[in-house]
> 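Okay, here's the structure, questions in a sec.
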Amino acid sequence: MTSVRGAASVRPPQRRTVLWAYAAFGWLTSSFVWHLWMGVDHRSAMGGEDAGPVWVFLAYDGLITVMSAAGAALTLATVRPWGRRLPVWMVRLPLWGGTVLLTVRGVPGLVENITTATGLTPYGLLGLSEQPIDAASGEFWTTMAINTYFFVGAVVMLPLVLRYQRGVRTAQEKSAA
């Protein structure tokens with residue numbers, strides 16, 4: 001039998017970890033496909049107004065596409081045998097980074113959308129809008145859907161990262177004993 005480098009530092013995943021990993025993989029795969037399409041159809045993705053240079057949009061969108069693909073692969077690395085060959089930091093750090101980004105992007109936006117939709121903050125969460133936000137408009141509900149999407153990304157990534165980290169810690173404690 002051959003030994004896998006680093007196998008002692010990561011224990012085989014539990015069933016719930018596998019479920020979170022595949023949920024995160026699904027979310028990141030849909031993000032990858034969405035941003036890949038936005039890059040291909042960048043003219044309609046940028047909207048009708050002059051939002052800035054095309055190369056800036058394509059560079060940003062390309063970065064998100066690459067991050068989504070890498071994140072999808074790393075979520076699988078948390079539960080597949082080949083992932084135990086990777087150094088723990090190479091899996092943990094990017095997943096934590098992605099989780100923090102999704103949380104920072106999704107939670108405040110969704111909180112603002114919900115408080116605006118319920119009438120608690122008609123001028124936005126910080127009150128910076130000059131006019132009350134029209135909660136019946138298509139633009140508002142599009143923003144609500146996007147913020148919900150990012151929030152769901154944070155919801156599926158956070159438990160995965162925490163469970164992966166717990167599995168690493170447990171395996172390291174067992175190997176030290």
Side-chain angles (χ1 to χ4, degrees), residues 1-39 56-117 121 125-126 142-177:
M1 182 169 162
T2 62
S3 67
V4 176
R5 190 182 96 229
S9 63
V10 182
R11 72 176 181 179
Q14 295 177 337
R15 185 177 181 163
R16 284 188 182 170
T17 305
V18 172
L19 292 173
W20 285 116
Y22 283 111
F25 175 78
W27 189 93
L28 285 159
T29 301
S30 67
S31 174
F32 170 80
V33 170
W34 178 260
H35 281 280
L36 186 65
W37 178 251
M38 284 176 61
V56 172
F57 175 81
L58 292 175
Y60 161 79
D61 195 59
L63 176 65
I64 301 300
T65 303
V66 169
M67 288 172 59
S68 296
L74 290 173
T75 60
L76 292 180
T78 64
V79 295
R80 304 300 303 156
W82 57 264
R84 287 183 234 146
R85 289 185 227 133
L86 298 173
V88 171
W89 66 267
M90 194 178 285
V91 176
R92 186 174 23 196
L93 288 178
L95 289 180
W96 265 115
T99 301
V100 168
L101 284 173
L102 289 170
T103 302
V104 167
R105 170 64 177 87
V107 173
L110 189 59
V111 167
E112 179 175 39
N113 286 144
I114 290 170
T115 58
T116 301
T121 58
L125 195 57
L126 300 176
T142 299
T143 304
M144 173 79 91
I146 291 168
N147 287 330
T148 301
Y149 179 74
F150 283 107
F151 178 78
V152 169
V155 165
V156 297
M157 290 292 290
L158 185 60
L160 171 63
V161 174
L162 292 174
R163 293 183 71 81
Y164 176 72
Q165 189 165 305
R166 187 179 314 135
V168 167
R169 192 176 11 242
T170 302
Q172 288 173 342
E173 289 170 0
K174 286 182 180 179
S175 67

> Can you list the steps and then say if Leu158 with Thr103 is a side-chain contact (heavy atoms from CB on, under 4.5 Å)?
CA-CA 9 Å; Leu158 185 60; Thr103 302; 5.6 Å; no

> Enter the distance from Thr143:OG1 to Leu110:CG here, rounded to the nearest 0.5 Å.
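Here the rounded value is 11.5 Å.
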
> Got Val104 and Val100 here, is their nearest side-chain heavy-atom distance under 4.5 Å?
yes

> If you measure from CD on Gln14 to OH on Tyr164, what distance do you get to the nearest 0.5 Å?
14.5 Å

> List the atom of Leu28, the atom of Ala72, and the distance in Å for their closest heavy-atom pair.
CD1-N, 3.6 Å

> Is it the case that the side chain of Thr116 and the backbone of Thr121 share a donor-acceptor pair, with hydrogens and angles ignored and the cut-off at 3.5 Å?
yes

> Verify the distance criterion only: is there a donor paired with an acceptor across the side chains of Ser30 and Tyr149 at less than 3.5 Å?
yes

> Check whether Thr170 reaches the backbone of Arg166 with its side chain - one donor and one acceptor, N or O, closer than 3.5 Å.
yes

> Are any of the side-chain heavy atoms of Leu36 and Phe32 separated by less than 4.5 Å?
yes

> Side chains of Trp96 and Met157, heavy atoms from C-beta outward: is any pair under 4.5 Å?
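A side-chain contact is absent here, since even the closest heavy-atom pair is not under 4.5 Å.
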
> Could you tell me if the side chain of Leu95 sits less than 4.5 Å from the side chain of Met90, heavy atoms only?
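Side-chain contact under 4.5 Å: no.
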
> Between Val161 and Trp20, does a side-chain contact (heavy atoms from CB on, under 4.5 Å) hold up when you go through it step by step?
CA-CA 9 Å; Val161 174; Trp20 285 116; over 6 Å; no

> Do Asn147 and Arg105 have side chains that approach each other closer than 4.5 Å (heavy atoms only, starting at C-beta)?
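Heavy-atom side-chain distance check passes, below 4.5 Å.
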
> Begin with the C-alpha distance, continue with both residues' side-chain angles, and end with the deciding distance and a verdict on side-chain contact (heavy atoms from CB on, under 4.5 Å) for Val111 and Leu125.
CA-CA 8 Å; Val111 167; Leu125 195 57; 4.2 Å; yes

> Take Tyr22 and Leu76 through the test side-chain contact (heavy atoms from CB on, under 4.5 Å) and record every step on the way to the result.
CA-CA 7 Å; Tyr22 283 111; Leu76 292 180; 3.5 Å; yes

